[in-house]
Amino acid sequence: MNIILLGPPGAGKGTQAKRLEDAYGIPQLSTGDMLREAVTSGSEIGQKAKQVMDAGELMPDGLMVKMIEDRIQQKDCAKGFILDGFPRTVAQAEALDEMLARLGTGLDHVIELKVDEEALVERIVGRYACARCGAGYHDMFQKPKVDGVCDYCGATQFKRRPDDNEETVRARMEAYRDQTAPILPYYKEKSILKQVDGMADIDEVTTELKKILNGGG
Ligand code: AP5
Ligand code: MG
Ligand code: ZN
């Protein structure tokens, strides 16, 4: 099953992709996470990515398409994948269709998480993650069960993304409106686009997504 989760910064793509990964046994492919790994490794791509991400802009299409093309051909994607953060432009969406056709497969679900813009800054500025296992948390909406201790691995160190400040978030939202939102009509025309209310509780969003993926939505 090949799935795309779409939505602006803070819509819940990463949160939900992680849950679906566990439920369906297919990997989350987050281009944002891949770029953050490149930044940590200090590679040439990572150095460029750091500048682009700190400015809230987008990386070049060609580079991102190549990154995904390499990734979806790895063994763990044999049963499918959940794209989170890709495609982000019409050019990326077209390249993805072309690549999947060439590989003898296609998209099964494209789902937009619909959210009010005012909620997004609050979600993003309050977000943090476990420094050891990467589990995601939020100052208000998703606290660890024991204060200061990761639910999953017991670590006590957490980290925040450098691009999760109000100024960069505004630039990321603008990039979404200008460059990413135009892919919604692209998928709508293909009658593959579905929508889920991303303003609902995290568990409720997961339930709605599963309904669609199980063929009932
Ligand atoms: P990326 O990492 O993809 O960032 P993004 O698109 O801005 O999305 P986020 O990760 O901020 O949001 P999310 O939807 O995953 O939200 P989350 O689930 O964490 O990309 C980063 C950068 O990389 C880009 O700016 C760009 O520069 C570059 N890049 C990446 N891909 C690219 C591409 N294809 N082409 C070019 N450049 C690319 O949720 C947010 C918070 O809200 C969490 O704390 C969570 O706990 C909370 N939350 C989630 N759901 C709910 C809910 N229902 N109710 C209450 N709280 C909730
Ligand atoms: Mg994310
Ligand atoms: Zn952890």
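First listed ligand is number 1; within each ligand, the first listed atom is number 1.
Distances from atom 39 (O) of ligand 1 to the heavy atoms of Val196, Asp201, Thr15 show the closest one on Thr15. Of the options Met64, His138, Arg88, the smallest heavy-atom separation from atom 3 (O) of ligand 1 is shown by Arg88. Distances from atom 29 (N) of ligand 1 to the heavy atoms of Asp164, Leu5, Leu35 put Leu35 nearest. Nearest residue to atom 42 (O) of ligand 1 from Arg123, Gln16, Arg161, Arg172 is Arg123 (criterion: closest heavy atom). Of the candidates Met59, Glu57, Arg36, the one placing a heavy atom closest to atom 26 (C) of ligand 1 is Glu57.
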(request) Please step through side-chain contact (heavy atoms from CB on, under 4.5 Å) for the pair Val205 and Thr15, ending with a clear verdict. (result) CA-CA 10 Å; Val205 177; Thr15 304; over 6 Å; no
(message) Please determine whether salt bridge (Lys or Arg N to Asp or Glu O under 4.0 Å) holds for the pair Glu208 and Lys211, giving the CA-CA distance in whole Å, both sets of side-chain angles, and the decisive distance to 0.1 Å.
(response) CA-CA 5 Å; Glu208 290 305 312; Lys211 273 190 204 161; 3.1 Å; yes
(request) Could you go through the salt bridge (Lys or Arg N to Asp or Glu O under 4.0 Å) check for Asp164 and Lys159 one step at a time? (result) CA-CA 11 Å; Asp164 278 353; Lys159 58 184 181 185; over 6 Å; no
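Evaluation of the side-chain hydrogen bond (donor to acceptor under 3.5 Å, both in side chains) rule for Glu117 yields Arg177 as partners, not counting sequence neighbours. Not counting sequence neighbours, Asp151 has no partner by the side-chain hydrogen bond (donor to acceptor under 3.5 Å, both in side chains) test.
Atom-to-atom distance recorded for Asp76:CG and Arg71:CZ is 4.0 Å, nearest 0.5 angstrom. Interatomic distance, CG of Leu6 versus CZ of Arg88, reported as 10.0 Å (0.5 Å rounding). Rounded to the nearest 0.5 Å, atoms CD (Gln195) and CD1 (Ile111) are 11.0 Å apart.
No more than 12 heavy atoms of other residues, nucleotides or ligands sit less than 6.0 Å from atom CD of Gln51. By the 6.0 Å contact criterion, CG on Leu58 is enclosed, its count of non-hydrogen atoms from other residues, nucleotides or ligands being greater than 12.
Note: an N/O pair closer than 3.5 Å links Gly14 and ligand 1 by distance alone. Checked against a 3.5 angstrom limit, the closest N/O atoms of Phe86 and ligand 1 fall outside it. Any N or O atom pair closer than 3.5 Å counts here, and Pro9 shares no such pair with ligand 1.
Listed by number with element, the atoms of ligand 1 under 4.0 angstrom from any heavy atom of Gly198 are 53 (N). The Phe141 neighbourhood of ligand 1 comprises atoms 55 (C), 56 (N), with distances under 4.0 Å to a heavy atom of that residue. Numbered from 1 in the order shown, with element, the atoms of ligand 1 that lie under 4.0 Å from a heavy atom of Ile202 read 50 (N), 51 (C), 52 (C), 53 (N), 54 (N), 57 (C). Atoms of ligand 1 found under 4.0 Å from any heavy atom of Gly85, numbered from 1 in the order shown, are 31 (N), 32 (C), 33 (C), 34 (N). Against a heavy-atom cut-off of under 4.0 Å, Gln92 is close to the following atoms of ligand 1: 33 (C), 34 (N), 35 (N), 36 (C).
Gln92 places none of its side-chain heavy atoms less than 4.5 Å from the side chain of Ile68. Met173 is listed as a side-chain neighbour of Val169, based on a closest heavy-atom distance under 4.5 Å. Contact annotation: the side chain of Leu100 approaches that of Leu107 to within less than 4.5 Å [non-hydrogen atoms, C-beta and beyond].
With hydrogens left out, the protein atom closest to atom 23 (O) of ligand 1 is Met53 CE, 3.4 Å, a heavy atom. Here the protein heavy atom with the shortest distance to atom 31 (N) of ligand 1 is Thr31 OG1, 2.8 Å. Ranking protein heavy atoms by distance to atom 46 (O) of ligand 1, first place goes to Gln142 OE1, 2.6 Å. Looking at atom 8 (O) of ligand 1, its nearest protein heavy atom turns out to be Lys13 NZ, 3.1 Å. Distance from atom 53 (N) of ligand 1 to its nearest protein heavy atom, with residue and atom name: Ala200 O, 2.8 Å. Scanning all protein heavy atoms for the shortest distance to atom 16 (O) of ligand 1 gives Gly12 N, 3.3 Å. For atom 9 (P) of ligand 1, the closest non-hydrogen atom on the protein side is Arg127 NH1, 3.3 Å.
By the 4.0 Å heavy-atom criterion, Met140 is excluded from the residues contacting ligand 1. Distances from ligand 1 to the non-hydrogen atoms of Gly10 include at least one value under 4.0 Å. Residue contact check for ligand 1: Ser30 places no non-hydrogen atom closer than 4.0 Å to it. Taking a 4.0 Å cut-off on heavy atoms, Tyr137 registers as neighbouring ligand 1. Taking a 4.0 Å cut-off on heavy atoms, Gly7 fails to register as neighbouring ligand 1.
Ring pair Phe158/Tyr137 is perpendicular by interplanar angle, where above 60° counts as perpendicular and below 30° as parallel.
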Donor-acceptor contacts under 3.5 Å from residues 28-36 side chains, at least two apart:
| residue | atom | partner | partner atom | Å |
| --- | --- | --- | --- | --- |
| Gln28 | OE1 | Lys18 | NZ | 2.6 |
| Gln28 | NE2 | Asp84 | OD2 | 2.8 |
| Ser30 | OG | Gly32 | N | 3.4 |
| Ser30 | OG | Asp33 | N | 2.9 |
| Thr31 | OG1 | Gly85 | O | 3.0 |
| Asp33 | OD1 | Arg36 | NH2 | 2.8 |

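Counting heavy atoms closer than 4.0 Å to ligand 1, residue Met199 contributes nothing at all. Proximity of Pro87 to ligand 1, defined as any heavy-atom pair under 4.0 Å, is not found for any part of the residue.
The minimum heavy-atom distance linking Pro162 with Asp54 is given by the pair CB-OD1, 4.1 Å. Contact detail for Leu113 and Ala11: the closest heavy-atom pair is CD1-O, 3.8 Å. Between Cys133 and Cys130, the shortest heavy-atom distance links the atoms N-SG, 3.3 Å.
Within a radius of less than 2.8 Å around the Zn ion (ligand 3), the protein N, O or S atoms are Cys130 SG, Cys133 SG, Cys150 SG, Cys153 SG.
A side-chain donor-acceptor contact under 3.5 Å links Asn214 and Tyr24.
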